[in-house]
2 protein chains.
Amino acid sequence: MSDKIFVSAEEVARKAGVSRSAVSRAFTAGASIAPETRRKVMEAAEALGYHVNHLARGLMRNESGIVCLVVSDMGTPYRSALIKALTQQLQNAGKIAMIVNTDRSDERVDMALRQAIRYRADASIVLSGMPDKSLVDLCVRNGQRLVLINRDDEHQGPLRINLDDDDTAQSVVTAFLRAGCRRLAFANSEAGTPSLMTREVGFVAAAREQGLDVTVERFGPTGYESGKVLAQRLMTRRERPDAVFCVTDLVALGFMDAARHQFSLSIPEDLCVVGFDDIPQAAWSSYDLTTFAQPIEEIAAAAVAWLMSEDVGQSQSLRLNAPFVWRRSVRSA
Amino acid sequence: MSDKIFVSAEEVARKAGVSRSAVSRAFTAGASIAPETRRKVMEAAEALGYHVNHLARGLMRNESGIVCLVVSDMGTPYRSALIKALTQQLQNAGKIAMIVNTDRSDERVDMALRQAIRYRADASIVLSGMPDKSLVDLCVRNGQRLVLINRDDEHQGPLRINLDDDDTAQSVVTAFLRAGCRRLAFANSEAGTPSLMTREVGFVAAAREQGLDVTVERFGPTGYESGKVLAQRLMTRRERPDAVFCVTDLVALGFMDAARHQFSLSIPEDLCVVGFDDIPQAAWSSYDLTTFAQPIEEIAAAAVAWLMSEDVGQSQSLRLNAPFVWRRSVRSA
DNA sequence: CCCACTATTGCACGGCCTTGCAAACTTCTT
DNA sequence: AAGAAGTTTGCAAGGCCGTGCAATAGTGGG
């Protein structure tokens, strides 16, 4: 494809009048080399436009510096924010992110991990979907680190980062009760991923503890449009809900828009809404959505810290807190 | 770091009872190898969990398969949508995307290109910022392909993809005039990138042609919050504008929210608004923003097609159309 | 049965870099 | 001034794979 050959260490060595190993050492932190020699090398390198070939370096060191991000729906606010945080922090740690888009088709996640192995990625971070157990084993066996974010499952070996859902449901129910709501609903998508289902189940259970039933509706993928459809379904029920917990902010925003513009409801007067994620749009003044904030930076920090740490340790599970963010989509007491 | 060594072609060869070259050939499309041999190799490879080492392959072939995406603000809807499209199409073309986040600090773009060179990326696609001319030359000299998206500048060598702004300004002015608006405004950020400035200049010129002056205001970074501030500034002017063209959808949405909630204005009755990009949120029913649609898929397709094409060709410039999307934020005639 | 040809295979080299090891230099002691 | 101790440096091996080239096996024809 490319005819021009990249300039090699050999050429730099010749130009600087040193051996090829000297060039290598000049670019290796902590190598034994005289300051003067390094200067000469750097000068020649700069003049020639030389850059260490990380492919070859990775080959030798058995450490490519590449970290593979496996993700779908990356156009979504939450996902893109997470990718942003991860790439940023990986770079600060001297790594570089490689992205594998797994939109449509689930076995794509496996393909993604294979890609990671092929490029000898130092680690893979899975934000979407769930890899097959055998693939996970393969990664681990190859000494690849693996981080699973919000994919609560019981795999061994990798680091799992999940949100602490213990108080989530409780907080929402309490908030709704204080607001005087009695007809609760849960708006879910049909994705059925563990983290989403946990929210539903937890909410229903917490409500029941207070002696309240929850109307659960599920529809489509997890997004704005589904929120609208869910509103249409829930708001036309005989017993119209006066409070709804949406599985995701995006769903909540669609729900609010439909409730307001199609059913002329006022929020929070006629209907209280709570979402989850705290995407930037939740704070927009048209919505002012009460929600739970995904601790994006902490998630990224934890992932990066773990994969940079020396001791691999055994299968770890980390639970982070998603603080409740009070805004105006729920009536206050 | 990782102790476990990845399984090598050597081991597969032993297990399959063939030579190492046979293994290599088994994984090389179009190589001369007997079907039966290939089968044996594949079987052994599967059993051992072997995957070709793309680092080494890239070393030999002088073609890594990596394409570097240089981008900032990737949490933004437009950017993330573009990244999504690019990663998707790159994968379809058998490439893989590597992401360099250039948030904060402009010389980061140069660092990014250096990273690309180090990993011997087959190409780099710059979505944000503008690399230094010398770096561009370096890439070209190294046979790296370079695509600049919406960074209209006069560099030689790379492919430049820009939007065709010729009718943009004209369309907006016409739309505003038909809606009966006479006091036009342009809400810009202080980013001052060429593509944004082109919109401003074009709009002012087109309005003047119709004998109308445009009140231009600039503030902050290109985002939602700036839109709110811009509204505060423009809506408190003695001659309150009755139509505003916002440099970006995100700015437009912030503008709308401030106009409605802080100034109790109705859109489009009291104020007509037009944005640019057609991000998903523009279609949300709270906004229903008239805007121009970035041809994201086409941009990605053009970029990928060019960097896969055989003949490098000289410096090319491509202009794509951003169709006008009529929604309800502008009064209709 | 031998020859001409084609389909496969193995050898060995090359691509680019890192690093252990031993040689070459310095610098400092005593 | 010679030896000890510490720095630097070059050599060469090694990591993993692709591929030209020559050798081998296999096929069909005469």
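To find a chain, count down the sequence lines: A is the first, B the second, and so on, and within it residues start at 1.
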B/Glu63 CD - D/dT19 P separation (whole Å): 11 Å
Among D/dC17, D/dG14, D/dT9, the one nearest A/Ile33 by side-chain distance: D/dT9
Crowding at CD, A/Glu36 (>12 non-hydrogen neighbours, <6.0 Å): yes
Between B/Gln89 and B/Glu297, a side-chain donor and acceptor under 3.5 Å: yes
Side-chain donor/acceptor of A/Arg20 to base of C/dT18, under 3.5 Å: yes
Whole angstrom value for the distance that separates P of C/dT18 from CE of A/Met60: 9 Å
Residue mapping more 5' on DNA chain C - nearest nucleotide basis, B/Pro35 or B/Arg120: B/Pro35
Length of the NE2-C1' vector between A/His54 and D/dG15, whole Å: 17 Å
Below 4.0 Å: OP1/OP2 of C/dC17 and any side-chain N or O of A/Tyr50: yes
Nearest heavy atoms of B/Leu69 and B/Thr87, plus distance in Å: CD2-CG2, 4.2 Å
Side chains of A/Arg114 and B/His51, donor plus acceptor under 3.5 Å: yes
Nearest-angstrom distance from the residue atom CG of B/Asn62 to P of D/dG18: 14 Å
B/Glu11 CD to D/dG15 P, straight-line distance once rounded to whole Å: 11 Å
Integer-rounded Å distance: D/dT7 P and A/Glu36 CD: 18 Å
Separation of atom CZ in B/Phe27 from atom P in D/dT19, rounded to whole Å: 15 Å
Shortest non-hydrogen contact between A/Ser80 and B/Gly75, atoms and distance: OG-O, 3.4 Å
Sugar-phosphate, base or nothing in reach of B/Leu59, heavy atoms under 4.0 Å: base
From D/dT8, D/dC17, C/dC17, nucleotide with atom closest to A/Thr37 side chain: D/dT8
N or O in side chain of A/Arg57 less than 4.0 angstrom from C/dT18 OP1/OP2: yes
Length of the line joining A/Glu10:CD and D/dG10:C1', which is rounded to integer Å: 13 Å
Any N/O donor-acceptor pair, B/Arg25 side-chain to C/dG10 base, under 3.5 Å: yes
Minimum-distance nucleotide (side-chain atoms of A/Ser21 versus D/dA12, D/dT9, C/dC17): D/dA12
Side chain of A/Ala56 - closest among D/dG10, C/dC16, D/dT9: C/dC16
Sugar-phosphate, base or nothing in reach of A/Ser32, heavy atoms under 4.0 Å: base
